[in-house]
Enquirer: 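Mind looking over this structure? Questions follow.
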Amino acid sequence: MFVVKNRKIFYSISGFLVLVSIIAMFVFGFNLSIEFTGGTIIEIDYIENRPTVSEIENIVGSFEIDPRLATIQAVGESGFSVRTPFLDDTTRERLAESLMANYSDAEIKRVSAIGPAIGRELRQRAILAIVVVVIAIILFIAFAFRHVSEPVSSWKYGLVAVVTLLHDILIPAGIFAVLGYFLGYQLDVLFVTAILTILGYSVNDTIVVFDRVRENLRKNQETGLREDFGETVGKSLSQTYARSINTSLSTLLVLTLLLFVGGEATRHFALVLVIGIIAGSYSSIFLASPLLVWIEKRNARKSS
Amino acid sequence: MSKYRITSILILLAILAVGYFVYATEVDDTKGRFDFRLGLDLAGGTQLTYEADLRDIPPNEADDAMSALRAVIERRVDVFGVAEPLIQIERGGIFGEGQDSQRLIVELPGVTNTEEAKAEIGRTPLLEFKLINQEALVNSFEIETESGEIISDEGESDTVVSVDDMFLETSLTGRFLKSAQLQFDQFSGEPIVMIEFDREGALLFAQITSENVGEVLAIFLDGEVLSTPVIREVISGGVATISGGFNPQEARELTRNLNLGALPVPISLIEEQTIGPSLGRAAVESGLTAAIVGVILVALFLIFWYRLPGLLAVLSLASYIVIMLALFKLIPVTLTSAGIAGFILSMGMAVDANILIFERFKEERKTGKPLREAASEGFSRAWLSIRDSNLSTIITAIILFYATTSLVKGFALVLGIGVLVSMLSAITITRTFLVAVMPKDGNRNHFLFGSGVGYKKSPDPETSI
């Protein structure tokens, strides 16, 4: 009830966070990885003597690559990653050789070359996947809750779920826009995967609450109890707190572990998931239900 | 003993057996069929994506051409010697509507000398069959195929004619060659090369041979003359032998080149990824550590908070992990770092189902039901919630599986299977254990069945959970 009574505060907080995230995305843009833009990345580990950035820059420059399009980043303690636009085979080979030429202990950790056409295609696929998942979820909820039409129609449950989902993905996206700008975090295929996972997972939480609301509504109908919808929702919430928090906690526990102990490759992935799941738990409890109540109150006002 | 208890014991035994299977197949040193498969980002290796130019192929033959291409590349990869390579056809475009270009993805685990691999595999040698241009021949004296020039000996000026002019192209190319085999002539014992064309090729071949008996049909590989056999007769079956003074070495080379060279369509390299083995090893280690520590932490949390049911949940989780690992081996599922992350995530979700059941169980207890009934009821009510909430994750996993690249496919597969198995383990395992543990008609609020930090003697109506 606490949540429902103070719902205005809670959805303002959410609204504010989402707004800030959207602004961040526009201001900082997305730092897309080469999977989405096409290009070449060569990552080399210089075990003993790491060259300076300018030495690397010189080498790259000697290949007539536009310096504005090349990004050189230090990786860990002894490595460098060099990112350039898509180079053809021979150029790429020679670049890799030059980068290792005077360093006897240099070792190539990874080379990725992606043609621009694939990059474009992947971008489109990613966006499509997100849209499809969102639509699928609305349909799924509308279907699962089809018998619950009073006082809020079933598709509105779907709508509320989608709003909370958008909240859940816009916030990590905004945070990553900032991180991308300041720390060079890249938006890659794993990021998109994490977003899609958050979508699927966060709706779990929301459904558990809705499910409880549905059950209480049915019980009220059976027992003939007339209750303010807000009260019903509040009651459902308090009945599901422990479960929501415990589940998110156990998943977060495991993910935070992955974040700190897991490898480089999945670190950012874990970070997105952690942010998204926190946002998801928050939204299921403090956003989804209050929104439901708000809708019901609006409907009531309209019809009276 | 109640049937629940018997079933519980059976389940435990079964899980132990499966666990042993997982352990045994992993620990023995020989490479078994059931070893864990590691994706490129964990094992290190190279992935090459080639785009096939299908512009010259009629649309209904595109699939055939791609299969033929795949077969040729597979042969080359074999020659190169890679353990467990993966060669797959993938269609371009968003929905695979890209008919003009289909892709071939070649994964070579453990291969780090990419340049060599590319050179060996990605060559687009072109196999052509050409007829001699009679007119040009008239004016020539010597053919120098290395320099590609023919210098006329007679006539006023030095007329230089290129090799290309010497030959007339036919439409018979490597596309139509099905195979080449080294054989030994029955009578003379000399090495010969038997070539076989596919149906279309056979027709073309028949046409060419019938029009040109006695003429030379030169075989070109990558623009260089491989062999210049003379057409002795009309050949209509599509099968012919090339003979004439080969020693076994030459015949073998010719066969090999014919086989390797029969690339049906031109290909170009559009994507390349190489991961060094050290990166992969580090990823495996950290993934494992994270997984193990994660399980321990979650187990501690469950036992601390839910006490006896928590212990059951831990058993259920252990069963879940064992089953998943066995499935990874049996299906088999290739593990990538994203896949391991997905597995860890699904463990969190497996716990979720158990928590739902326990919370419901507590609620039922509050209404005063005896322990065993509360457990059963709690379970039935929780099931709807579990089903609906997990279904949404499954839908996401399905979409992820079809919409993206192979890296993500691994994750989606693990997630999808994980959710299904977690639902199953919740329904069968946790439920059975839970009901089995209850004293038959017990109704006391035992410490072991409570939860949270305090121990309440009687249900407290104020704090609903």
Side-chain angles (χ1 to χ4, degrees), chain A residues 45 89 93 107-115 117-118 121-122 124-126 128-129 132-133 136-137 140-141 144 189-190 192-193 196-197 199-201 203-205 207-208 211-212 238-243 246-247 249-255 257-258 261-266 269-270 273, chain B residues 41 49 92-94 114-115 118 269-276 278-279 282-283 285-287 289-290 293-294 297-298 301-302 305 337-338 340-342 344-345 347-349 351-352 355-356 359 363 384-385 388-393 395-397 399-400 403-405 407-408 411 415 464-465:
Chain A
D45 198 20
D89 251 5
E93 239 179 278
E107 185 187 287
I108 291 198
K109 280 179 97 181
R110 148 170 119 95
V111 173
S112 267
I114 300 192
I118 294 205
E121 189 184 295
L122 216 55
Q124 289 170 336
R125 269 194 180 174
L128 188 66
V132 172
V133 169
I137 290 181
F140 171 66
I141 295 189
V189 172
L190 279 184
V192 175
T193 312
L196 289 168
T197 312
L199 283 177
Y201 184 82
V203 91
N204 270 16
D205 262 3
I207 287 187
V208 170
D211 175 63
R212 199 50 94 94
S238 39
Q239 285 168 343
T240 50
Y241 269 140
R243 179 259 155 203
N246 280 350
T247 329
L249 214 60
S250 56
T251 312
L252 272 176
L253 202 61
V254 159
L255 279 175
L257 209 68
L258 191 63
V261 177
E264 281 294 328
T266 45
F269 180 57
L273 281 176
Chain B
D41 56 345
T49 308
I94 318 268
T114 324
E115 301 312 324
K118 285 195 297 197
L269 185 64
I270 53 174
E271 186 186 333
E272 165 193 335
Q273 307 243 20
T274 312
I275 309 231
S278 55
L279 205 63
E285 278 168 14
S286 49
T289 319
V293 178
L297 280 179
V298 171
F301 164 66
L302 283 174
W305 193 262
S337 45
I340 294 189
I344 296 181
L345 185 64
M347 282 198 287
M349 294 169 73
V351 170
D352 179 14
I355 292 184
L356 263 174
E359 292 296 331
E363 268 187 51
L384 277 170
S385 237
D388 283 347
S389 65
N390 281 350
L391 262 176
S392 63
T393 311
I395 293 180
T396 311
I399 295 179
L400 267 177
T404 52
T405 63
L407 172 69
V408 177
F411 172 76
L415 195 63
S464 36
I465 296 176

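Naming: A, B, ... by sequence-line order, numbering from 1 per chain.
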Enquirer: Quick one: what part of A:Ile141 sits under 4.5 Å from any heavy atom of chain B, side chain, backbone, both or neither?
Expert: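 Neither part.
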
Enquirer: Report the distance from atom CD1 of B:Ile395 to atom CG of A:Leu199, rounding to the nearest 0.5 Å.
Expert: 12.0 Å

Enquirer: Measure distances from B:Val351 to the heavy atoms of chain A and classify the residue's part below 4.5 Å as side chain, backbone, both or neither.
Expert: side chain

Enquirer: Check whether any side-chain heavy atom of B:Leu297 sits under 4.5 Å from a side-chain heavy atom of A:Leu257, and report yes or no.
Expert: yes

Enquirer: Measure the spacing between CD1 of B:Ile399 and CD1 of A:Ile137 and express it to the nearest 0.5 Å.
Expert: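 If I round to the nearest 0.5 Å, the distance is 7.5 Å.
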
Enquirer: Can you name the one residue among B:Glu272, B:Gln273, B:Glu271 that meets side chain to side chain donor-acceptor pair (under 3.5 Å) with A:Ser112?
Expert: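 Exactly one candidate clears the test, B:Gln273.
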
Enquirer: For A:Asp211, check side chain to side chain donor-acceptor pair (under 3.5 Å) against everything at least two apart and list the hits.
Expert: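 Side chain to side chain donor-acceptor pair (under 3.5 Å) list for A:Asp211, sorted by chain: A:Arg214, B:Ser385.
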
Enquirer: Relative to chain B, which segment of A:Ile114 carries a heavy atom at a distance below 4.5 Å: side chain, backbone, both, or neither?
Expert: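 The answer is both parts of A:Ile114.
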
Enquirer: In terms of heavy-atom proximity below 4.5 Å to chain A, should B:Leu302 be classed as side chain, backbone, both, or neither?
Expert: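 No part of B:Leu302 comes within 4.5 Å of chain A.
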
Enquirer: Going by the side-chain contact (heavy atoms from CB on, under 4.5 Å) test, name the single residue among A:Val133, A:Thr197, A:Val132 that passes it with B:Thr396.
Expert: A:Val133

